[in-house]
Every structure is written in C-alpha cells, then in structure tokens.
*Asks:* 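The structure that follows is given in the form of structure tokens.
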Amino acid sequence: MNYTLNNIPEREQKPRERGFTMAMDKGLSVREVEDFLEVAGDYVDIVKLGWGTSFVTPNLDRKLEVYKSAGIPVYFGGTLFEAFVARNQFEDYRRILDKYGMGFAEVSDGSLEMPHDEKLQYIQTLAEQVTVLSEVGSKDAEKIIPPYKWIQLMQTELDAGAWKVIGEAREGGNVGLFRSTGEVRSGLVEEILTKIPFEKILWEAPQKAQQVWFIKLLGANVNLGNIAPSEVIPLETIRLGLRGDTFHHFLNQNDVALKG
C-alpha cells in the first residue's frame, strides 16, 4: 500500500486459502502479461487461461514463464479438459499438464454431458498429479440445477479430492449462479453456504455488481474468479471499501466495531 488509511478491512496474505482472486487470461500477449503483473501481480492468486485459448495462443511457453517468474500459478480452462475427454484423449491431457509444468487443473462438465461418477474419477486421478479445481454448474442457460443438487455435487467433488469447487458463471456472468441478466441467484448461493464452507468455493463473478454482492455477503476475503486483468485493481478496491459500491458498507462495520 502506498500510504496509511485506518479501518481498512484486513486481507489474508498470499499464499492464502481465502480472499482468492482468479484472473482470466483470454489470450494476452507476453508483453501484456508483463504489464498486467507489474500493476496487479500482488493481487492475483491464480490465472486461468480461458476455455481452449491455450491451444491457439502464440508463445505459450514464454507466457507461462512470465507467470511462473512472478509466482502466479496458471491452469488451463475446464473446457480444454472437456475437449480432450470428448476425443478420448484424457491421457494426452495429463501429458500436456506435465509438458507445461502445470500444478493445477480444472475438471468441469459444463459443455460435455458426463456421468457424475465419471467426473469424480477424473478428479481422483488428476488429484494424484496436480491440485484440482472442479467446476459445478452448466454453461447452458436453460439448465437450472436445484440448490440441493449444487450442494451434493460440490461436496462429492471435494470428497473426491478437489481443492476448491468453482461456481459456474462463464466469462459473461450470465449462467449458473446468475440469471441471464447477471443478477445473483441469491437464494441458491445462501443455501449452498449452509453446507459448503465459503473458503472452499471460488465464485465466478466477472461483473462488478456480482463482486459487490459477494463481498457484502461474505466480506473482503471471499474467493472470486473470472476477473478480467483490467478489473483486478478495481476489485481490490471494492474488497477494501475504497470504491463507492462498498465505501459505506465497511465504514459502517468499523463504526459498529469501534462502538462495541
């Protein structure tokens, strides 16, 4: 921080289990990654190379090396995992993880119809090789999963070896956890939180209003993902009550604490 302000929400320090910011790289150049990390590297915990972009991104090795040098873990988007599985190339996918030195992998079934027992087996297998994030929820806006099912899926995937579970929203924030308008399915989220520890969930929340909603509900140290590189610094200010959206929320909390 560049100067001192009193009564700023306390942030977990990296490496952290809570307060995660996952940024989505949708095809940044090596130079763009360098510029991004120069400004926002301190506030990024992990980077996802969105869906199958790594397949067509030039200079992939060089880009991964920039992230690695900055101490930022990277993983391939879950859609790439599904693309390999759909082509019966799961073992090839595992070799790709090794080839690029990936320490993390995402297991998802948002685009591919997959029996859940099969998905759990993929999680178990990959968990022996890397740290697994598993994504719950469909990319199909017409497919509504009831809250009890979200809870069941998340818990069994954690039990299978997932480090964290990701609440699906896509890069636009208009499916899964959210209505087509981007509005949070608040009842769904609150019911999930009755059973699944909040630090075990990474909520995809690419839109500012969604980020504000989760921060007001769960505090500065909620795990948020699918954040555009240009929005990482703005998100950190929302976490700290330094943007109008949460300015009074955190001041009011501090007023109560001081009076108490």
*Asks:* With N221 as reference, evaluate E10, R239, R11 under the side-chain contact (heavy atoms from CB on, under 4.5 Å) test and give the passing residue.
*Replies:*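 Answer to the side-chain contact (heavy atoms from CB on, under 4.5 Å) test with N221 among E10, R239, R11: R11.
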
*Asks:* Going by distance alone, is a donor N or O of one side chain under 3.5 Å from an acceptor N or O of the other, for T194 and E190?
*Replies:* no

*Asks:* Any side-chain heavy-atom pair from F104 and T131 closer than 4.5 angstrom?
*Replies:*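 Yes, their side chains come closer than 4.5 Å.
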
*Asks:* Regarding Q211 and K208, is there a side-chain donor-to-acceptor distance under 3.5 Å anywhere?
*Replies:*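 No.
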
*Asks:* Just checking H248: does its NE2 atom have more than 12 heavy atoms from other residues, nucleotides or ligands closer to it than 6.0 angstrom?
*Replies:*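 Result for NE2/H248: open.
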
*Asks:* For K68, look at atom NZ and say whether over 12 heavy atoms of other residues, nucleotides or ligands are found less than 6.0 Å away.
*Replies:*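 Not more than 12 within 6.0 Å, no.
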
*Asks:* Hey, is R95 close enough to D92 for a salt bridge, meaning N to O under 4.0 Å?
*Replies:*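 D92 and R95: salt-bridged.
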
*Asks:* Who are the ring pair (Phe, Tyr, Trp, His ring centres under 6.0 Å) partners of Y93, not counting sequence neighbours?
*Replies:* F81, F84

*Asks:* Below 6.0 angstrom between ring centroids: does that apply to F20 and W163?
*Replies:* yes

*Asks:* Under 3.5 Å, is there a donor-acceptor pair linking the side chains of Y148 and Q152?
*Replies:* no

*Asks:* Near R16 CZ, under 6.0 Å, is it more than 12 heavy atoms from other residues, nucleotides or ligands?
*Replies:* yes

*Asks:* Examine V44 and I238 and state if one hydrophobic cluster contains both, with Ile, Leu, Val, Met, Phe, Trp and Tyr joined whenever side-chain heavy atoms are less than 4.5 Å apart.
*Replies:*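 Yes, V44 connects to I238 through the hydrophobic network.
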
*Asks:* Taking the side chain as everything from C-beta on, heavy atoms only, tell me whether I96 gets closer than 4.5 Å to L80.
*Replies:*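 Not touching, per the 4.5 Å side-chain cut-off.
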
*Asks:* If we only count heavy atoms from C-beta on, is the E17 to E12 side-chain gap below 4.5 Å?
*Replies:*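 Of all side-chain heavy-atom pairs linking E12 with E17, none is under 4.5 Å.
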
*Asks:* Could you check whether D117 and Q121, counting side-chain N and O atoms only, form a donor-acceptor pair closer than 3.5 Å?
*Replies:*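 Judged by distance alone, the side chains do not pair up.
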
*Asks:* Going hydrophobic residue to hydrophobic residue with side-chain gaps under 4.5 angstrom, can you get from V222 over to I227?
*Replies:* yes

*Asks:* Flag yes if I196 and M22 sit in one hydrophobic cluster, no otherwise; membership is Ile, Leu, Val, Met, Phe, Trp, Tyr, and two members link when side-chain heavy atoms are under 4.5 Å apart.
*Replies:* no

*Asks:* Would you mind telling me which of I166, V107, V165, I123 makes a side-chain contact (heavy atoms from CB on, under 4.5 Å) with L133?
*Replies:* I166

*Asks:* Is there a path from V136 to L224 through hydrophobic residues (I, L, V, M, F, W, Y) whose side chains come within less than 4.5 Å of each other?
*Replies:*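 The answer is yes; both residues are in one hydrophobic cluster.
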
